[in-house]
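In what follows, chains carry the letters A, B, and so on, assigned in the order in which the sequence lines appear, proteins first and then strands, with residues in each chain numbered from 1. Predicted, not measured: the structure shown is a model, and the values here were computed from it.
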2 protein chains.
Amino acid sequence: MPDELEGRSKNDLATTAAELYYLQDWKMEDIGKKLNLSRSSVSRLLETARNRGIVEFRINRPSDRSNNLAEQLKSKYSISANVIEVFENSTADERLEIVGAETAKKLGNFFRPGITIGLAWGSTISSVSRHMHNYRVANSTVVQLNGAGNDHSTGISYSGEILNQFGQSLGANVVHFPVPAFFDDPAAKQVMWKERSTKRILDIQSRIDLAIFGLGRIDSEVPSQVYQAGYLGKSDLDDLNAEQVVGDIATVFFRSDGSWRDIGLNNRSSGPGLDQLKRTPKRVCVASGIAKIEALRGAIAGGYITDLFIDDLTAEKLLENSN
Amino acid sequence: MPDELEGRSKNDLATTAAELYYLQDWKMEDIGKKLNLSRSSVSRLLETARNRGIVEFRINRPSDRSNNLAEQLKSKYSISANVIEVFENSTADERLEIVGAETAKKLGNFFRPGITIGLAWGSTISSVSRHMHNYRVANSTVVQLNGAGNDHSTGISYSGEILNQFGQSLGANVVHFPVPAFFDDPAAKQVMWKERSTKRILDIQSRIDLAIFGLGRIDSEVPSQVYQAGYLGKSDLDDLNAEQVVGDIATVFFRSDGSWRDIGLNNRSSGPGLDQLKRTPKRVCVASGIAKIEALRGAIAGGYITDLFIDDLTAEKLLENSN
DNA sequence: ATGAATTCTGCACATATGTGCAATAATCAA
DNA sequence: TTGATTATTGCACATATGTGCAGAATTCAT
């Protein structure tokens, strides 16, 4: 045992090796370099870890319930669903955290070297970003899909936190989008969209492999963040109600049939047109809580979702009134 | 997908494959044969299982406390100890079950193809046997160390259950020892020990690679099983007290300094002499509960233990008065 | 302190697992 | 129904991991 390892017990070493190997997918060769041991010594350390119960293999058998729900969502809507079971009587916040954490765990399935990911900010994706694992995806890029500036701030701090957490998780190149969520004047948007710096970001957005988004919703009880806090005025909200808007993806609004083009406010939004979104190969939506049902139905009707992370109750509700 | 797999969801298949691979150490080739798939399909099923969270890797970092206790036991007594942390306020029965289960999990470390294991019956080893994993050790043998017959029964049913559970776990050849725990007359023991059928078993016992035993104890509050239930009469117990016996291993009694030879009752016991036990390469003792302290001290003083599975509280107690 | 016994370590080979690729099967859209 | 697209599968090769063996290091007993 080399000098620098003295004082570290075998259990300690075995635990470190096990964490790197099983939780972070390191190769034994690389762990050996880090611990100043040979590859075969690492193999034996891992055996020790397994033998001593330091490593434990758990099998979480998916319940029939979540399996069935996922299958029904697949056959009815052609959506690949991950149904996340949450304990009963949980608050909406608790549910959001659990869905965020489970989503973060499984998002790695979509990551490939060289991938470009488009990210829409919001409270759901914020929850996911807080739980992101250490994925390390070579040559990856994370680009913000919609600006976050409003009356009170550039929004960079808020959306930037979400972007940076993803960027850190993947070791990705992070591309912020420092424009308002909504322009006051559609003409101002046209002008900005001609700027080379903006065009560069729009170009990246147009070529993303994977979009990750939550859903904003517009019922009058507890509106999503975009409908408050300096993003939209009262007359804007009245317009949205008049247009029968049920929700938004990346600050682009849509109705319950998925239509979005002729909604006036979309001309001022910095988010991508939903036709462009539909051209993205994989479109991952994260939805937590039955308050999202109407927005979810509109997004499904519009065909904007390929993959869905959803809690069990919301999945049930979604399937309930679908006959 | 072959016909016979229809109706089984991918999650179901992935779960089965994961259980066989991670919990029962099956090779992918063999799992493929069982599921009628190729080896590489199994590899992909396992990847699916990992990606979907069906398999979960847990790292149980050993606490400093149990590490420290184990280290102290090692340096003070030259015993390799596994300290098992049990939740506070547990009953003695709960503690015994947890220690039994954890011991069963880790016993596999001692198993090698061709191994011969000597087993002493008792309530502690009964707990271990109830939790034994499916180990499958080629060419293994499990031999009973001490007879279990008493006034009321041959003891085969009780000790046989323990033996058979070990035998099933290892896929081992099981050798029962159908004699009384204690003969009435030492001369009867001498006669039986000349019988060829008995000699054959004694020969196997003399060559065991690993002995597994609990400790009987002889305080007057809650005596171990061997001191009641038709094994010993009142005068026997008086004799044991007069001899200052603190406990027994496989129904062979010893004092607090480990001495055992000149204890009269040992001439009638069917258990192996403790000198012979000492010649066994690995001697695993399982001890749960501080009521075992005096017996444990005697066994340690006699040098009968190489490896110890012990609960945290008992370990603390053992180290406490050792200055 | 010394010799015996046991444990640890890396090398080299054996074995197990990962994965690109092409063919096939299943799914989707018109 | 048909053609296009996507997913699945096994083969064959590449890569990762397991482990026997001999030498070195450590521990144990005297």
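- The interatomic distance linking B:Arg44 (CZ) with D:dC11 (P) rounds to 11 Å, in whole Å.
- Regarding A:Lys76, its NZ atom lies at a distance of 14 Å from the P atom of C:dC28, rounded to whole Å.
- Take the nearest nucleotide of DNA chain C for A:Lys74 and for B:Ser40: the residue whose nucleotide is more 5' is B:Ser40.
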Step-by-step salt bridge (Lys or Arg N to Asp or Glu O under 4.0 Å) determination, A:Lys105 to A:Glu102: CA-CA 5 Å; A:Lys105 247 194 234 173; A:Glu102 286 298 307; 3.0 Å; yes
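- Put simply, NZ on B:Lys27 is 12 Å from C1' on D:dT19, counting in whole angstrom units.
- Protein atom CG of B:Leu45 is 15 Å distant from nucleotide atom C1' of C:dT19, rounded to whole Å.
- Mapping A:Lys282 and A:Met28 onto DNA chain D by nearest heavy atom places A:Lys282 closer to the 5' end of the strand.
- The phosphate of D:dG18 (OP1 or OP2) has a side-chain N or O of A:Ser43 nearer than 4.0 angstrom.
- Nearer the 5' end of DNA chain C, as judged by each residue's closest nucleotide, is the contact made by B:Glu47, out of B:Glu47 and A:Ser78.
- Look at B:Tyr21 and you won't find any side-chain N or O under 4.0 angstrom from OP1 or OP2 of C:dA16.
- Look at B:Arg50 and you'll find a side-chain N or O under 4.0 angstrom from OP1 or OP2 of C:dG18.
- At a threshold of 4.0 angstrom between heavy atoms, the contacts of A:Ser41 are confined to the sugar-phosphate backbone, with no base atom among them.
- Atom CG of residue B:Asp312 and atom CD1 of residue B:Ile310 lie 9.0 Å apart, to the nearest 0.5 angstrom.
- Straight-line distance from the CD atom of B:Glu29 to the P atom of C:dA14: 18 Å, rounded to whole Å.
- When rounded to the nearest whole Å, the span between CG of A:Leu20 and P of D:dT17 equals 13 Å.
- Using a 4.0 Å cut-off, some side-chain N or O of A:Lys10 falls inside it from OP1 or OP2 of C:dC8.
- For A:Arg39 and C:dC13, the CZ to C1' distance is 11 Å, given to the nearest whole Å.
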Full working for side chain to side chain donor-acceptor pair (under 3.5 Å) between B:Thr48 and B:Arg52: CA-CA 6 Å; B:Thr48 296; B:Arg52 292 185 180 178; 5.5 Å; no
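- In this structure, the ring of B:Phe111 has its center no less than 6.0 angstrom from the ring center of B:Phe166.
- In this structure, CG of A:Leu46 is placed 15 Å from P of C:dC8, rounded to the nearest angstrom.
- For B:Ser38, no side-chain nitrogen or oxygen approaches OP1 or OP2 of D:dT9 to under 4.0 Å.
- A heavy-atom distance below 4.5 Å is found between the side chains of A:Arg50 and A:Phe57.
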